[in-house]
Amino acid sequence: MNGLSLSELCCLFCCPPCPGRIAANLAFLPPEATYSLVPEPEPGPCGAGAAPLGTLRASSGAPGRCKLHLTEHADFQYSQRELDTIEVFPTKSACGNRVSCVYVRCVPGARYTVLFSHSNAVDLGQMSSFYIGLGSRLRCSIFSYDYSGYGASSGRPSERNLYADIDTARQALRTEYGISPDSIILYGQSIGTVPTVDLASRYECAAVVLHSPLTSGMRVAFPHTKKTYCFDAFPNIEKVSKITSPVLIIHGTEDEVIDFSHGLALYERCPKAVEPLWVEGAGHNDIELHSQYLERLRHFISQELPSQRA
């Protein structure tokens, strides 16, 4: 998240602000795309031959039959064998934007699929290696998508589009892969906690993970904000109490982007919160490097979800 300029601050106090505009200034920094979606050619002479280096062939059952072409900036850490576990396809949101989706089958017969909403300044190309590693270690499949204006998704990033994007991803996961709500774990990281909380407040799921979450946009920009104003963007603090699924909150105590107090406030407001993970000394972008991160996620999924305790 980045701050507001002097002119934007003046506008904020002198005239009614537009939440979407504030949200864009606060939160969205889409990187240069690290991948493209290439339609899978029909069988025949023109479609024969091996895929180019850095290109993933979607399986024959994947919606849209696309290939994922990675640039060197994606920094993919695995081989073609791991690439072949990923299916990629575009779909369309209610706002009319093309939304790029990936489905990573990390282990056969996985009980859960994690619907992952990633953080700011990354796209699916950069996240692909992480998804393979995370899903393999948690023994879950991973489904993810790019926000409007990120990667190969069209449109512009906005709060309204965030909610439409995750609705589209959830619908694709349900209709294209037949994944039931009780097998979906919603995972949001940083700005990704915004669509995650919104969706979880409206639909049931197996569980929710909020990684470095924010309480609201105004509280990030102006830390002394004590209430949620009608023009505030990303009001997680007002929605988290409506979540009916178990919620695990993870936050670093030395987070320099979204202060640790945000995670604590959400934990105190959330009636379905389980024991949180406060990572001592961790910042905003290095929680995954601490051993307790995977340990806590594994315990949450294998021991604390209702279907596992039954």
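From a predicted model like this one, the values you see are computed outputs, not experimental measurements. The chain is numbered in sequence order, starting from 1.
Taking the six-membered ring where the residue is Trp, Phe234 and Phe28 present perpendicular rings, their angle passing 60° and hence far from 30°.
For Thr71 (side chain) and Thr34 (main-chain N/O), a donor-acceptor pair under 3.5 Å exists by modelled atom type. A donor-acceptor contact shorter than 3.5 Å links the side chain of Arg296 to the backbone of Glu275. Under a 3.5 Å cut-off, the side chain of Ser201 and the backbone N or O of Asp198 do form a donor-acceptor pair. Without hydrogens or angle criteria, Ser153 side chain to Ser100 main chain gives a donor-acceptor distance under 3.5 Å.
The side-chain contact (heavy atoms from CB on, under 4.5 Å) with Cys205 is formed by just one residue from the set Thr244, Thr196, Ile243, Leu186; it is Leu186. The residue from Leu115, Leu173, Thr168, Thr91 that alone fulfils the side-chain contact (heavy atoms from CB on, under 4.5 Å) condition with Tyr145 is Leu115.
No salt bridge links Asp232 with Lys227; every basic N to acidic carboxylate O contact stays at or beyond 4.0 Å.
Remark: Arg156 CZ is loosely packed, at most 12 non-hydrogen atoms of other residues, nucleotides or ligands lying under 6.0 Å away. Atom CD of Glu256 sits in a crowded spot, with more than 12 heavy atoms from other residues, nucleotides or ligands closer than 6.0 Å. With a 6.0 Å radius and a threshold of 12 heavy atoms from other residues, nucleotides or ligands, Arg137 has its CZ atom at or below the threshold.
For the residue pair His211 / Tyr187, a side-chain donor-acceptor distance below 3.5 Å is found, with atom types taken as modelled. Judged purely by distance below 3.5 Å, without hydrogens or angles, the side chains of Ser190 and His284 pair a donor atom with an acceptor atom. No hydrogens or angles considered: a donor-acceptor pair under 3.5 Å links the side chains of Asn120 and Tyr150. Defined by atom type and a distance below 3.5 Å, a donor-acceptor pair is present between the side-chain atoms of Glu238 and Thr228. Between Tyr35 and Asp146, the side chains place a donor N or O and an acceptor N or O closer than 3.5 Å (distance only, hydrogens not considered). For the residue pair Glu176 and Tyr103, no side-chain donor N or O sits within less than 3.5 Å of a side-chain acceptor on the partner. There is no side-chain donor-acceptor pair under 3.5 Å between His73 and Glu32. Residues Glu288 and Gln189 bring a donor and an acceptor atom of their side chains to less than 3.5 Å of each other. Counting only N and O atoms by type, the side chains of Asn161 and Glu159 include no donor and acceptor under 3.5 Å apart.
Note that CD1 of Ile258 is 8.5 Å distant from OG1 of Thr215, once rounded to the nearest 0.5 Å. Expressed to the nearest 0.5 Å, how far SG of Cys270 lies from NZ of Lys272 amounts to 9.0 Å. Here the CZ-CG distance, from Arg269 to Leu264, works out to 12.0 Å after rounding to the nearest 0.5 Å. Remark: Leu266 CG to Lys239 NZ distance equals 12.5 Å, nearest 0.5 Å. A distance of 4.5 Å separates CD1 in Ile250 from CG in Leu297, rounded to the nearest 0.5 Å. Atoms OH and CD1, on Tyr267 and Ile249 in that order, are 8.5 Å from each other to the nearest 0.5 Å.
Partners of Arg170 by salt bridge (charged side-chain N to carboxylate O under 4.0 Å, His left out), not counting sequence neighbours: none found.
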Exercise for the section: For side-chain contact (heavy atoms from CB on, under 4.5 Å), just list the numbers for Ser144 and Met127, CA-CA rounded to whole Å, side-chain angles, deciding distance to a tenth of an Å, and then say yes or no. Expected result: CA-CA 9 Å; Ser144 191; Met127 293 297 292; over 6 Å; no
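Separation of the Phe143 and Phe116 ring centroids does not fall under the 6.0 Å cut-off.
Connection of Val107 to Ile132 is not established within any shared hydrophobic cluster, with ILVMFWY side chains joined at heavy-atom distances below 4.5 Å, either directly or through further cluster members.
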